[in-house]
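I have placed the structure first, in the form of structure tokens, so that the comments after it can refer back to it.
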2 protein chains.
Amino acid sequence: MPALQQTNNLPATSFAVLGLLSFGPMSGYDLKQFADRSISHFYWSPAKSQIYSELRRLKQAGLVTEQHVQQQTRPDKRIYEITEEGRNQLAGWVGHSELEPAVFKSTFLLRVFLGRAAGHEALLHLLQQHLAQEEAMLAHLQEAQEECSPYSDDSLYSLLTIRAGVHITEATIKWSHEAIAAIHSLHPDSQTHTETGALDPA
Amino acid sequence: MPALQQTNNLPATSFAVLGLLSFGPMSGYDLKQFADRSISHFYWSPAKSQIYSELRRLKQAGLVTEQHVQQQTRPDKRIYEITEEGRNQLAGWVGHSELEPAVFKSTFLLRVFLGRAAGHEALLHLLQQHLAQEEAMLAHLQEAQEECSPYSDDSLYSLLTIRAGVHITEATIKWSHEAIAAIHSLHPDSQTHTETGALDPA
DNA sequence: CTCCACATGTAAAAGGTTACATGATTAG
DNA sequence: CTAATCATGTAACCTTTTACATGTGGAG
């Protein structure tokens, strides 16, 4: 007899889709919306085409079932539902797989690293832009956090991921200020480039 | 008359390679080593095969030149050198291209988000593991920082990227403690899972 | 009347990793 | 003698994005 079969060679992205389905049955279309409002901040915002192909793969692996739903007013749907086997595989992956390092790929930091090629003036401008974007991101995350707080059984895990975003974004903002100050202290002559756009300095 | 020609449709990764070449002429082999010791922490650690194909692309675009170097004791090399045009394109990309968001793809946070599927005990264990890894990362970054400090004209930009890593890693560690505490406070019965491995609790 | 939401997919291309292939020298 | 370093590349594969393709109903 084959022991607890371990068909488990699926990539993380398959588990992402499977994991979203663990919240309830959904169509590919629903899944895309849900992903964009949940895991997009720390994992990925899938292309539609990829969702549909992941669903085919999960179905073939027996981790989800497909149900055709006819509609007259709207296009027909296919509703996907996680199976018992799907829940088992998911629990194993979430709880007991190897920790793999996160992918962090910042073209912005690459540009900072190559700053010499552009000069400190251009770099300062870039940093100001970056700072503004991060501040906007922080505001956005704090809003999401308000909607979730406080820590409770229901919102615990999603709130934790939002808190991770808040911590990291705050750190990035602190770093930006430090970086701007460091460049200024080495180049006291350089412009501040604050986003004024002021027409009348009166 | 065609204004300042803008052949510039290259992906960020090409500029990463071009940027490394702005530090001096190198072979593909050298480039791989250099990348692993510089931009790997915030951008990417390239596969050899990709380096060589990027070099072909850059050469074709006229941004680098190739020089064949014969060696008797070692395999022959090809040394690549950035051109004037290459430096111009690089300066434009670093200083004046659009800021694009960083790719941040954490399977770890995905697993936290899906924590319900595995239960808080497994999650706590995962968080402890993560915390240990991040602490090791912080130590590694602080070491790199020592070798670079203090801020100076020469080391400014690379030190800035290391500092970014330090800020973000510290934030991640703080978050981990918060997350562990939050789970404990909602599940007071759960084990601490500190990495004891103790054989003799005497 | 026009745009948006609903709903699913195919095809092509790009980005990136892994495995394969080769082969000399040097350090232990 | 064995492993690591030097040195370059091809082929196959996987993941992911973008563009293409289609069509209805409701809201403004």
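First the proteins, then the strands, lettered A, B, ... as listed; each starts at 1.
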(message) Going by the rule side-chain hydrogen bond (donor to acceptor under 3.5 Å, both in side chains), which residues pair with K32(A) if we only count those two or more places apart in sequence or in a different chain?
(response)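 In terms of side-chain hydrogen bond (donor to acceptor under 3.5 Å, both in side chains), with neighbours along the sequence ignored, K32(A) is linked to D36(A).
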(message) Test of understanding: with side-chain contact (heavy atoms from CB on, under 4.5 Å), list the residues that count as partners of A144(A), not counting sequence neighbours.
(response)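 For A144(A), the residues satisfying side-chain contact (heavy atoms from CB on, under 4.5 Å) (neighbours in sequence not counted) are I162(A).
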(request) Quick one: list whatever passes side-chain contact (heavy atoms from CB on, under 4.5 Å) with E81(B), sequence neighbours left out. (result) P25(B), T65(B)
(request) Given ring-ring contact (aromatic ring centres under 6.0 Å, His included), test H167(A) with H167(B) step by step and report yes or no. (result) CA-CA 10 Å; H167(A) 276 275; H167(B) 276 275; over 10 Å; no
(message) Is it the case that the side chain of W175(B) and the backbone of L160(A) share a donor-acceptor pair, with hydrogens and angles ignored and the cut-off at 3.5 Å?
(response)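 Side chain of W175(B) to backbone of L160(A), a donor-acceptor pair under 3.5 Å: yes, one is there.
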Nucleotide [N], atom [atom2] - distance to [atom1] of [X] in whole Å:
X      : N       : atom1 : atom2 : answer
K32(A) : dC4(C)  : NZ    : C1'   : 16 Å
N9(B)  : dA14(C) : CG    : P     : 11 Å
D30(A) : dA5(C)  : CG    : P     : 15 Å

(message) Which is more 5' along DNA chain D, the nucleotide nearest P75(A) or the one nearest Y43(A)? Just name the residue.
(response) Y43(A)
(request) Please determine if a side-chain N or O atom of Y29(A) lies less than 4.0 Å away from the OP1 or OP2 oxygen of dC6(C). (result) yes
(request) Extract, from 5' to 3' on DNA chain D, the first and final nucleotides lying under 4.0 angstrom from some heavy atom of chain A. (result)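 Nucleotide range with atoms under 4.0 Å of chain A: dT15(D) to dG25(D).
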(request) Enumerate the residue pairs fulfilling salt bridge (Lys or Arg N to Asp or Glu O under 4.0 Å) with a member in residues 165-180 of chain A, sequence neighbours excluded, ordered by first and then second residue. (result)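 Passing the test, one end in residues 165-180 of chain A: E178(A)-R163(B).
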(request) Just grab all the salt bridge (Lys or Arg N to Asp or Glu O under 4.0 Å) pairs involving residues 59-69 of chain B, residues at least two apart or on different chains. (result) K59(B)-E66(B), E66(B)-R78(B)
(message) Looking at Q71(A), I'd like to know if its CD atom is crowded, meaning that more than 12 non-hydrogen atoms belonging to other residues, nucleotides or ligands lie closer than 6.0 Å.
(response) yes
(request) Start with the C-alpha distance between Y80(A) and L58(A), add both sets of side-chain angles, then the distance that settles side chain to side chain contact (heavy atoms under 4.5 Å, CB included), and finish with yes or no. (result) CA-CA 10 Å; Y80(A) 295 87; L58(A) 291 172; over 6 Å; no
(message) What residues from residues 46-60 of chain A pass a heavy-atom cutoff of under 4.0 Å to DNA chain D?
(response)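 Nucleic-acid contacts, sorted: A47(A), S49(A), Q50(A), R57(A).
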Under 3.5 Å, sequence neighbours excluded: what are the donor-acceptor pairs made by side chains of residues 10-17 of chain A?
| unit_1 | atom_1 | unit_2 | atom_2 | d |
| --- | --- | --- | --- | --- |
| T13(A) | OG1 | Y43(A) | OH | 3.0 |
| S14(A) | OG | E54(A) | OE1 | 2.7 |

(request) Write out all pairs satisfying side-chain hydrogen bond (donor to acceptor under 3.5 Å, both in side chains) with one or both partners inside residues 19-30 of chain B, taking only residues at least two apart or from two chains. (result) S27(B)-D30(B)
(request) Please list all pairs passing the side-chain hydrogen bond (donor to acceptor under 3.5 Å, both in side chains) test where one or both residues lie in residues 97-107 of chain B, with sequence neighbours left out. (result) R111(A)-S97(B)
(message) Five pairs per end, C1' atoms only: what is the angle between the end axes of the helix from dC1(C)-dG28(D) to dG28(C)-dC1(D), to 10 degrees?
(response)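 Axis angle across the helix from dC1(C)-dG28(D) to dG28(C)-dC1(D), nearest 10°: 40°.
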(message) Within residues 98-107 of chain A, which residues have any heavy atom lying less than 4.0 Å from an atom of DNA chain C?
(response) K105(A)
(message) Distance alone, cut at 3.5 Å: any donor-acceptor contact between the side chains of Q142(B) and E146(B)?
(response)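 Note: Q142(B) and E146(B) side chains miss the donor-acceptor criterion.
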(message) Let me spell it out: for each of R78(A) and Q33(A), pick the nucleotide of DNA chain C with the closest heavy atom. Which residue's pick is nearer the 5' end?
(response) Q33(A)
